[in-house]
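To start, the structure under review is shown below, and the notes come after it.
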Amino acid sequence: MSNVVLYRLTNGDELIADEVSVPLAADVIVISDAVALVYHQTDKGVSVGFAPFMPQSDGNIKLNKSDISATSKPNEQVLKEYNRIFSKIEIVPAGTIIT
């Protein structure tokens with residue numbers, strides 16, 4: 001089961017990621033599928049989008065606990081979009097299933 005968490009970093013950046021583990025004796029949090037939240041003004045108000053976070057990394061990311069100023073559960077709308085993007089379900093193209 002995934003544990004999707006919002007992180008506010010001390011530099012002001014906000015991330016959303018799947019929290020893989022929080023080792024008790026370590027000063028890091030291990031995350032995967034991390035994206036940065038990007039805010040922009042629209043005619044209807046402020047909207048949020050996702051941007052890649054460390055897109056050249058290979059595997060999990062170790063985030064220093066000292067670089068985190070706050071954590072929270074994402075709201076339902078943000079969580080739904082995050083899960084849509086990182087869904088592990090593969091859609092089979094039409095016409096490839098033989099009955």
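Heads up: numbering here begins at 1 and tracks the sequence. No experiment lies behind these values; they were computed from the predicted model shown.
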- Report the C-alpha separation of Ile68 and Thr10 in whole Å, then their side-chain angles, then the decisive distance to 0.1 Å, and conclude whether the side chain to side chain contact (heavy atoms under 4.5 Å, CB included) test is met. CA-CA 6 Å; Ile68 300 170; Thr10 56; over 6 Å; no
- What is the distance from atom OG1 of Thr71 to atom CD of Glu19, rounded to the nearest 0.5 Å? 7.5 Å
- Query: So Leu37 and Ile16, side chain to side chain contact (heavy atoms under 4.5 Å, CB included) or not? Walk me through it.
  - Reply: CA-CA 7 Å; Leu37 276 66; Ile16 183 170; 3.7 Å; yes
- Tell me the side chain to side chain donor-acceptor pair (under 3.5 Å) pairs involving residues 22-36, sequence neighbours left out? Asp33-Lys88
- Output the distance between atom CG (Leu15) and atom OH (Tyr7), rounded to the nearest 0.5 Å. 8.5 Å
- Message: How long is the straight-line distance from CG of Asp18 back to CD1 of Ile31, given to the nearest 0.5 Å?
- Response: 9.5 Å
- Going hydrophobic residue to hydrophobic residue with side-chain gaps under 4.5 angstrom, can you get from Val5 over to Val78? no
- Item | Spatial distance of atom CG (Asn60) from atom CE (Met54) [nearest 0.5 Å] | 11.0 Å
- Task: Sort and list the pairs that fulfil ring pair (Phe, Tyr, Trp, His ring centres under 6.0 Å) and have at least one residue in residues 65-84, not counting sequence neighbours.
- Result: Tyr82-Phe86
- Item | Main-chain N/O of Ser66 paired with Asn64 side-chain donor or acceptor, under 3.5 Å | no
- Can you name the side-chain contact (heavy atoms from CB on, under 4.5 Å) partners of Leu79, sequence neighbours left out? Val4, Pro74, Asn83
- Query: Is there a path of hydrophobic side-chain contacts, each under 4.5 Å between heavy atoms of I, L, V, M, F, W or Y residues, that connects Ile61 with Leu9?
  - Reply: yes
- Do the non-hydrogen side-chain atoms of Val38 and Phe50 ever get within less than 4.5 Å of each other? no
- Query: Taking ILVMFWY side chains as joined if any heavy atoms are under 4.5 angstrom apart, and letting links pass through other members, which residues group with Val20?
  - Reply: Val30
- Pair listing, salt bridge (charged side-chain N to carboxylate O under 4.0 Å, His left out) test, anchored in residues 64-82, at least two apart: Glu81-Arg84
- Query: Which residue pairs pass the side chain to side chain donor-acceptor pair (under 3.5 Å) test with at least one member in residues 35-58, sequence neighbours excluded?
  - Reply: Glu14-Tyr39
